[in-house]
Asks: 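Just passing along the structure, written as structure tokens.
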Amino acid sequence: MQQVNRALFDDVMVPNYAPAQMIPVKGSGSRVWDQQGKEYIDFAGGIAVNCLGHCHPALVAALKEQGEKLWHLSNVLTNEPALLLAKALVDATFAEKVYFANSGAEANEAALKLARRFAKDQFGEHKDQIIAFKQGFHGRTFFTVTVGGQPAYSDGFGPKPEAIEHAEFNNIDSLKALISDRTCAVMVEPLQGEGGVLPADVEFMQQVRALCDQHKALLIFDEVQTGVGRTGELYAYMGLGVTPDILTTAKALGGGFPIGAMLTTTAIAKHLVPGTHGSTYGGNPLACAVALAALNTVNQPDVLAGVKAKEQLFRDGLHQINEKYHVFATIRGQGLLLGAVLNADYAGKARDFMVAAAEEGLMALVAGANVVRFTPSLVIPDADIREGLARFERAVAKIVQG
Ligand SMILES: Cc1ncc(COP(=O)(O)O)c(C=O)c1O
């Protein structure tokens with residue numbers, strides 16, 4: 001049998017990723033084991049995806065059950081899991097209509113196309129400007145990556161989609177300077193994830209909503225990272241008191257099975273008539289069956305309250321580490337989307353902390369060069385949080401002591 005090791009990655013994979021040397025082979029709850037049997041506590045959760053940890057029984061059962069019934073049809077036909085999931089999303093949110101995709105980027109692509117089409121139908125071709133925010137992240141298709149607020153990610157691929165501009169996050173004057181009746185949509189993350197775990201101010205979001213209303217622009221919330229319980233609300237908009245016109249969700253929606261969705265109202269949705277947009281796999285029965293189980297499991301008062309309680313455990317633990325080692329300027333974020341921002345002495349070294357954590361048996365993430373990010377399972381046992389923080393403390397000690 002072919003030996004499977006990290007060297008094979010360099011032989012056969014496109015080099016757009018640089019994965020760690022270890023290869024995980026098994027996961028259960030918030031624990032993961034690699035090929036050598038080394039055990040890790042998972043504070044990364046597949047980048048805010050594994051909302052119920054690894055191999056949660058409800059998700060495994062849903063996958064097995066659907067796997068023995070029906071795998072795929074295409075959108076020439078609808079299917080029961082897709083309809084049930086759409087109904088559950090409509091019942092749980094502001095939305096009246098759902099479009100299924102396979103990833104966050106695809107959900108955002110659909111949202112942006114819908115916004116452009118809606119504006120063209122309602123107001124005419126001139127209303128095409130999309131405003132997003134610096135440091136924002138919306139995916140890697142050419143449209144979504146251009147809407148994202150880091151030009152380096154979209155540079156070097158030829159002519160970019162046009163009429164896209166970027167304002168400063170949490171700076172309403174910066175948006176005011178750009179927005180006009182030519183604006184068809186404003187796309188924003190309620191909490192910038194990849195951009196550094198930076199929550200939006202409530203007042204800022206309310207003003208964004210008001211400016212969108214004033215200029216008849218659609219407000220799109222990208223909740224790909226914040227959605228499905230991550231912030232302690234089912235969706236972050238629910239904690240802001242600001243309702244978007246379109247919301248995108250992916251990552252945790254499938255709990256590890258690829259799926260994305262765009263949610264909106266009937267009045268807006270009706271502009272995507274047959275033939276305007278689509279996807280072969282969107283609404284796949286396996287994905288929808290697993291996502292329905294994930295959504296139903298997360299959308300329980302005790303699970304959502306648990307996220308806020310676990311946030312406090314994390315914050316307390318990280319503050320205690322900081323009192324000893326003085327490495328963080330602040331701890332920010334919401335729920336179980338938390339960022340430990342390194343202080344000036346450790347600026348640019350987030351990756352070193354992540355690597356040191358892995359050596360100690362803890363999977364963590366970064367969000368840019370200065371932020372160590374934690375996005376664990378929403379149901380991670382408190383004992384695993386404590387043990388993971390103890391491992392993180394050992395990693396911090398190693399870095400501080402050189
Ligand atoms: C806010 C946000 N939007 C979109 C995406 C893209 O999602 P995907 O990688 O599933 O295409 C991400 C991924 O990190 C994200 O954090």
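The residues of the chain are indexed from 1 along the displayed sequence. Order of appearance sets the numbers: ligands from 1, and atoms from 1 within every ligand.
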Asks: Are Phe204 and Phe133, when compared by the centres of their aromatic rings, separated by less than 6.0 Å?
Replies: yes
Asks: Please output the side-chain donor-acceptor pairs of residues 49-70 that fall under 3.5 Å, not counting sequence neighbours, one pair per line with the distance.
Replies:
residue	atom	partner	partner atom	Å
His54	NE2	Asp42	OD2	2.7
His56	ND1	Ala58	N	3.0
Gln66	NE2	Leu70	O	2.8

Asks: Show every donor-acceptor pair shorter than 3.5 Å between a side-chain atom in residues 358-366 and any protein atom, with sequence neighbours excluded, or say none if there are none.
Replies:
residue	atom	partner	partner atom	Å
Glu360	OE1	Arg394	NE	3.2
Glu360	OE2	Lys398	NZ	2.8

Asks: What ring-ring contact (aromatic ring centres under 6.0 Å, His included) pairs are there with at least one residue in residues 240-263, not counting sequence neighbours?
Replies: none
Asks: Indicate whether the side chain of Thr264 and that of Lys97 have a donor and an acceptor atom separated by less than 3.5 Å.
Replies: no
Asks: For Phe328 and His319, I'd like to know if the aromatic rings sit close, meaning centre-to-centre distance below 6.0 Å.
Replies: no
Asks: Give the protein residues with at least one non-hydrogen atom closer than 4.0 Å to an atom of ligand 1, ordered by chain and number.
Replies: Ser103, Gly104, Ala105, Asn108, Phe137, His138, Gly139, Glu189, Glu194, Asp222, Val224, Gln225, Lys251
